[in-house]
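In each ligand, atom 1 is the first atom listed, and ligand 1 is the first ligand listed.
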Amino acid sequence: MKIGVLAVQGAFIEHINMLRKLSEIQSLQPECVEIRQKKDLDGIDGLILPGGESTVQGQLLHKLELFEPIRSLIENGLPVLGTCAGLILLAEELEGDATKHLATLPVTVQRNAYGRQLGSFETNAPVGSFADYPHVFIRAPYITEVKDGAKILSCVDGRIVGVEYGNQIGLAFHPEMTDDVRIHAYFLDKVAAACRPENR
Ligand code: GLN
């Protein structure tokens, strides 16, 4: 199983470390590929879009000719996990902003929704069926609208901060900056399921 981690900007190392940690404790042995150019996408079974700066990442996707190939892989069912800036890249719409990135996830997202200075904090809340998941927010967005039956995975203080829609998971927080492997393990299970011949 080959997992691509977009590695053009931002907190991609943390995701790679998380996958390495998981391969020590799980039977699924993901091979990690850092995605920096089009050919890195060859043969990946899943993709992680890390946190960072979504405007810069969006521009780099175009410059490196990664934008269209990634968009079409996601539209064709490639499992994808987007965290923070990654969620912003996936979102169909940005609140009060005409910018569109990949726009494959039917949600509206407010960038820097907690304010730029006080926007970093940590709290515990459930994510889907996982109790007490540590949520690390860093200049985080939240989701202001969920459309087309996208499933809400996580809410903090009445704000939606995690969703799942078919092959896509979008989180406003950073599971890769915790010791809790449950979300990455869940994502790998999703990738494994998509790899089964009957689901191809
Ligand atoms: N504020 C960043 C953005 O808008 C996201 C922050 C993050 O990924 N930690 O792109």
For ligand 1, is there an N or O atom under 3.5 Å from any N or O atom of T55? no

Distance-only N or O hit between ligand 1 and T83, under 3.5 Å: no

Should you measure from each heavy atom of [X], which atoms of ligand 1 turn up under 4.0 Å away?
X: R139; answer: 1 (N), 2 (C), 5 (C), 6 (C)
X: G51; answer: 8 (O)
X: C84; answer: 5 (C), 6 (C), 7 (C), 8 (O), 9 (N)
X: I88; answer: 3 (C), 4 (O), 10 (O)
X: N112; answer: 1 (N)

Output all residues satisfying side chain to side chain donor-acceptor pair (under 3.5 Å) with R36, sequence neighbours left out; order by chain, then residue number. E34

Fit a plane to each ring of F121 and Y114, take the angle between them on a 0 to 90° scale, and name the class: parallel (under 30°), tilted (30 to 60°) or perpendicular (over 60°). perpendicular

Residue selection (non-hydrogen contact nearest atom 2 (C) of ligand 1) among A113, G52, A172: G52

Nearest heavy atom to atom 10 (O) of ligand 1: which of A85, S120, S54 does it belong to? S54

Select one of side chain, backbone, both or neither to describe which atoms of E53 lie under 4.0 Å from any atom of ligand 1, heavy atoms only. both

Identified side-chain contact (heavy atoms from CB on, under 4.5 Å) partner of L90 from the options V107, L81, L105: L105

N-O pairing of [X] and [Y] below 4.0 Å:
X: D157; Y: R159; result: no
X: E176; Y: K21; result: no
X: R71; Y: E68; result: yes

Neighbour count >12 (heavy atoms, 6.0 Å) for atom NZ, K100: yes

Looking at ligand 1, is there an atom of it that comes within less than 4.0 Å of some heavy atom belonging to Q57? no

Quick one: CG on L66 to CG on L73, what's the gap to the nearest 0.5 Å? 10.5 Å

